[in-house]
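Values below: every heavy atom of this structure, side chains too, minus hydrogens, waters and symmetry copies. In the text below, chain A, chain B and the rest are named by the order of the sequence lines, each starting its count at 1.
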Protein chains: 2
Amino acid sequence: MNASRDIPNNLLESLKSLGLTKYEALVYIGLLRVAGATATEVHETSGVPRASVYPVLDRLVQKELVSVSHTTPKRFDAVPPDQGVENLMRRIESDAESARLALNALYREKGPGARGSQELVWTIYGEENIKTRLAEMFQGAERSVEVLAANDLLEGGVLALLEPVPGSVQVNIVTERSPGERPSRFGIHILPLAAGYDPLSTQGKLLPYERSGVFLVDNARTLLWLGSSGEQPSALYSESPGFVQFVRRHIASVTERARAAAQ
Amino acid sequence: MNASRDIPNNLLESLKSLGLTKYEALVYIGLLRVAGATATEVHETSGVPRASVYPVLDRLVQKELVSVSHTTPKRFDAVPPDQGVENLMRRIESDAESARLALNALYREKGPGARGSQELVWTIYGEENIKTRLAEMFQGAERSVEVLAANDLLEGGVLALLEPVPGSVQVNIVTERSPGERPSRFGIHILPLAAGYDPLSTQGKLLPYERSGVFLVDNARTLLWLGSSGEQPSALYSESPGFVQFVRRHIASVTERARAAAQ
DNA sequence: TAAATGTTGTTGCTAACATAACAACAAGGT
DNA sequence: ACCTTGTTGTTATGTTAGCAACAACATTTA
């Protein structure tokens, strides 16, 4: 009767992103609670119009989410959730794999020609993308790596990205003084304090570096990790000499202040 | 100019099932071959109307598939395929997991009440679903298991499902005489031959059991694996006494014939 | 001025959603 | 037998939402 209005809305969204429509999701959910139901029962427990139930059930059968009985009237049963979700994911993963292959083929066939114009500043969205870019930067380091970052960032996986940096490269890390002391193996100078910076300096208030950081490699490539307070983080990446110069000065300034405060 | 009409159609489909629209897929593909392109260049290489390119690029940035420069005009770059596909899959897998949890919660809260009316014959679609049901049947076996199946089926994973059957259960397997002899540990009788059955018997032609089989557990539950010649296999499952009786006779008949021919 | 950029709004199209109506059939009662 | 009553499965038809495609415009750059 009252069907089931208590379905978490995000469940419907999740199922949609697995390739189901709203009705398909509702019917499947309804079937999970009734076992061998007739089309009309499905209609009642799912809230989906009775006439729409038939094509929807057909699609669900095709998607291997429900099984049908050979009676009149037909009865339907849902595949258990674990199994059902796995069935859906199998298709998607197969698509993902074939797409990955096809895209890589297209991607390689263009060589590194027209290398991403070095004069630009790029924005990168998503923590994974930022970390990937950082890893590339660190791996390509030949002389120096400067890191000016909040400690939560460093411990959030960034420190691990520094592993592949060759020992011949000078690595400087500036972060707040924090409990998690991390004197990693290669020659790293850790300067305490220097967590923030004067905003418009009404007082000497220090603006904290929350989930953000500045990275500079070989004085040639730089990345600004902007810890978006709201949701997904973003970053600026650039090889532009002017921008690099600016970042260099910034790091120098903060480092200086940190060194002074440390005394 | 001529853009890229040589895009494999299934690539577009694959990307769609990863949550992209047609335009999003085209633009991303186009960007993979141009590196830092302007919106107009994206329009040219992707074939997407110029005006539509802007909202599409916005969406792609949100989905962490492209990065943007801070120049005028803006320039866009694609995340490498491996990374991009992974970014898409991360979301989907997270949705799958939360859906799985929510569905299981709903699923459990109904107990095995109204147990799937035993008088019915159910059809099950998809090899995975069939195997899962078979596994359940075998695990619940208490006295006997009868298997009458083509050898390709057995070696295709069905034989492995028999592992959990307790040693006290009598297991009979009938299959064609095939090279892959498999005298598994517990007491299994393997009768050679008996691969087929007379159709309407114009001659003694044997109808081969291709990708199909008959399974009977405790003389109470039975499953017919119908090796659909075309695509995905289907199966009939039943606990109906009448249907079980029929299958029992069928197995007896074929077994008899096999035994006779073996002599 | 000319060309290109970025934005806005309109229209068309398609799949999904939603409702209504219908023929076929099976009770069940008079 | 007949006529209800109710259910099943199907078909037709209208609505909505999201994306696709186009046209027009203000703004910038050269």
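- In this structure, the NZ atom of Lys22(B) is 7 Å from the P atom of dA20(D), given to the nearest Å.
- Contact annotation: Thr38(B) does not reach the phosphate of dA4(C) (side-chain N/O to OP1 or OP2, under 4.0 Å).
- A parallel orientation is assigned to the rings of Phe246(B) and His250(B), their planes being inclined by less than 30° (bins at 30° and 60°).
- In this structure, the NE2 atom of His43(B) is 12 Å from the C1' atom of dT5(C), given to the nearest Å.
- Between the P atom of dT5(C) and the NE2 atom of His70(B) lies a distance of 18 Å, rounded to the nearest Å.
- Contact annotation: Tyr23(B) side-chain N/O to dA21(D) OP1/OP2 distance is under 4.0 Å.
- Distance, Lys74(B) NZ to dT29(D) C1': 17 Å, rounded to whole Å.
- Leu26(A) places its CG atom 15 Å from the P atom of dA16(C), with the value rounded to the nearest Å.
- Minimum atom distance to the side chain of Thr40(B) is reached by dT5(C), of the listed dG6(C), dT29(D), dT5(C).
- Where Glu41(B) and Pro49(A) meet DNA chain C, the nucleotide closest to each residue was compared, and Glu41(B) sits on the side nearer the 5' end.
- With dT29(D), dA18(C), dT10(D) as the choices, the nucleotide that has an atom nearest any side-chain atom of Tyr54(A) turns out to be dT10(D).
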side-chain contact (heavy atoms from CB on, under 4.5 Å) assessment of Ser69(B) paired with Phe76(B): CA-CA 6 Å; Ser69(B) 82; Phe76(B) 302 87; over 6 Å; no

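- Within 4.0 Å of Thr72(A), counting heavy atoms only, lies no atom of the nucleic acid at all.
- Counting heavy atoms of neighbouring residues, nucleotides and ligands inside a 6.0 Å radius, atom OH of Tyr125(B) does not exceed 12 of them.
- Closest approach of Leu216(B) and Thr222(B) over heavy atoms only: CD1-CB, 3.9 Å.
- Protein atom CZ of Arg50(A) is 7 Å distant from nucleotide atom C1' of dG9(D), rounded to whole Å.
- Protein atom CD of Glu24(A) is 16 Å distant from nucleotide atom C1' of dA18(C), rounded to whole Å.
- Between the CG atom of Asp58(B) and the P atom of dG6(C) there is a distance of 11 Å, given to the nearest Å.
- Nucleic acid contact for Ser52(A): base, since at least one base atom lies under 4.0 Å from a heavy atom of the residue.
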Working for side-chain contact (heavy atoms from CB on, under 4.5 Å), residues Leu18(A) and Met89(A): CA-CA 7 Å; Leu18(A) 295 184; Met89(A) 283 303 287; 3.8 Å; yes

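- Listed candidates were dC19(D), dT29(D), dA16(C). Nearest to the side chain of Arg59(A) is dA16(C).
- Residue Ala51(B) has its side chain nearest to dT8(C) when only dC17(C), dT10(D), dT8(C) are considered.
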